[in-house]
Amino acid sequence: MIYRHFNAPSRGFTRFSHDIIRHPRLSSDAVRLLTWQLSLPQGARESLSRTAERARIGACAFGRAKRQLKEEGFVHERRVQVDGGRWVTQQLVSGSPLTPDQAAKLLAREPVASSQVAPSPRKPAAGPPTTPSTDGHPKKDPEEDTSHPPTEAEESPRGEEARALVDALPLLSPALRHIPSGMRSELARLAARWLDAGHTSGDVHEHVLRGLPGAGTSVHRPGGLVRYLLRDVPPRSLPSVPGIRLSPRLEGARECAGDHTQTTLFRPVSDETHCAQCA
């Protein structure tokens, strides 16, 4: 059995239909966005995106909520041209569903503020006017084109593997499907450091998966999360062999990548791959 205890507030409340809260096709974000807008004071001009920001609704969730509200007739938008040839977007939020014709009539009653603003007073430049130089040569000609310096991933011998590693991240988990394409090169540079330290692509993927939140928790910025997880490169531990356990004094030791007759272990200070003798 369930019991409810409710006291009607004497102030700071908003009246709207129960059909909004119990709407079968509106998500919780859409209901929160709509009720927040309806609770604003009369004459408020807060946009839907600003409300979503204050309500801490993420960009993807806001897009879905806004689309649902428009499909159900609670939100209507139209673009109008104002003085100066500029365009502005009018948004209408209603406590009950409206048809496009009904919304157009209501929006037609609202005055559209001009986007033209008076120019600010110009500040005089400091010092006397000077004529820009039109001749002369640079002090030193660049030996090569440096407008696009090579990235760390391109300089690394494992750069191609690092880029393939990053491209495969969206396949690991649904939480990583929306990594911005503009972050791929930065993440490839971080992944290249892991590969250069001796880690495999599987090691990096496993580390990223361990850092993801639990099931049911949404990741709003997957690119930033992966960047955080790959920021520090741990020393590569020796592979575990069934039935063989390292003694405590060898914990954290690493096999030297140099040319040795027998396997040589050393304890790295940071991320070096060669012992002191080889270095």
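Throughout, residue positions are numbered sequentially from 1 according to the sequence presented. Being a predicted model, the structure only gives us computed values, none of them experimental.
Ion pairing between Glu77 and Lys66 holds under the 4.0 Å rule for side-chain N and carboxylate O.
Considering every non-hydrogen atom in both Val166 and Pro170, the closest pair reads O-CD, 3.7 Å. Here the closest heavy-atom approach between residue Leu40 and residue Ala44 is recorded as CB-CB, 4.0 Å. Nearest heavy-atom pair, Val80 versus Gln90, reported as atom, atom and distance to 0.1 Å: CG1-OE1, 3.9 Å. Considering every non-hydrogen atom in both Leu165 and Ala191, the closest pair reads CD2-CB, 4.0 Å. Contact between Ala188 and Ala162 at its shortest, heavy atoms only, is O-CB, 3.4 Å. When all heavy atoms are compared, the tightest approach of Leu230 to Leu187 is CD1-O, 4.3 Å.
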Practice task
Evaluate salt bridge (Lys or Arg N to Asp or Glu O under 4.0 Å) for Arg189 paired with Glu186, printing each intermediate quantity in order.
Solution key: CA-CA 5 Å; Arg189 291 195 297 270; Glu186 179 185 2; 5.1 Å; no
Practice task
Take Arg210 and Leu229, measure what side-chain contact (heavy atoms from CB on, under 4.5 Å) needs, and give me the verdict at the end.
Solution key: CA-CA 10 Å; Arg210 285 199 304 265; Leu229 294 175; over 6 Å; no
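Taking 4.5 Å as the limit, every side-chain heavy atom of Arg78 sits out of range of all side-chain heavy atoms of Thr89. For the pair Pro234 and His199, the minimum side-chain heavy-atom distance is below 4.5 Å. Looking at heavy atoms from C-beta onward, Val88 lies out of side-chain contact with Gln81 at the 4.5 angstrom threshold. In this structure, the side chains of Leu212 and Leu172 stay at 4.5 Å or more apart for every pair of heavy atoms. Using a 4.5 Å heavy-atom threshold, the side chains of Phe62 and Asp29 count as separate. Side-chain contact between Glu72 and Leu26 is present, with at least one heavy-atom pair separated by less than 4.5 Å. A 4.5 Å side-chain heavy-atom check between Arg227 and Met183 finds at least one atom pair inside the cut-off.
Without hydrogens or angle criteria, Gln91 side chain to Ser47 main chain gives no donor-acceptor distance under 3.5 Å. Under a 3.5 Å cut-off, the side chain of Arg163 and the backbone N or O of Arg184 do not form any donor-acceptor pair. Within the 3.5 Å criterion, the main-chain N or O of Ala59 finds no donor-acceptor partner in the side chain of His220. Side-chain N or O atoms of Gln68 include one that pairs as donor or acceptor with a backbone N or O of Ser27 at under 3.5 Å. Using a distance-only test at 3.5 Å, with no hydrogens or angles considered, no donor-acceptor pair links the side chain of His178 to the main chain of Ala175. Side chain of Gln37 to backbone of Glu46: a donor-acceptor contact under 3.5 angstrom is found.
Linking ILVMFWY side-chain heavy atoms closer than 4.5 Å, directly or via other members, places Val233 and Tyr228 in a single hydrophobic cluster. Using a 4.5 Å cut-off between side-chain heavy atoms of Ile, Leu, Val, Met, Phe, Trp and Tyr, with links allowed through other members, Leu69 and Leu38 fall into the same hydrophobic cluster. Residues Trp36 and Leu34 do not share a hydrophobic cluster, defined by chaining ILVMFWY side chains whose heavy atoms lie under 4.5 Å apart. Cluster membership for Val75 and Ile20, using ILVMFWY side-chain heavy atoms within less than 4.5 angstrom, is shared.
Interatomic distance, CG of Leu107 versus CD of Gln102, reported as 12.0 Å (0.5 Å rounding). Atoms CG and CG, from Leu209 and Leu176 in turn, are 7.0 Å apart once rounded to the nearest 0.5 Å. Remark: Ser28 OG to Ile21 CD1 distance equals 12.5 Å, nearest 0.5 Å. With rounding to the nearest 0.5 Å, the separation of CG in Asp196 from CD in Glu161 is 9.5 Å. Atom NE2 of residue His207 and atom CH2 of residue Trp194 lie 4.0 Å apart, to the nearest 0.5 angstrom. Of the inter-residue distances, the one linking Arg67 atom CZ with Glu71 atom CD reads 6.5 Å to the nearest 0.5 angstrom.
Open room surrounds CZ on Arg221; 12 or fewer heavy atoms of other groups in view lie less than 6.0 Å from it. The environment of Arg56 atom CZ is sparse: at most 12 non-hydrogen atoms of other residues, nucleotides or ligands sit within 6.0 angstrom.
Ring geometry, Phe74 versus His23: the interplanar angle exceeds 60°, so the pair is classed perpendicular (tilted spans 30 to 60°).
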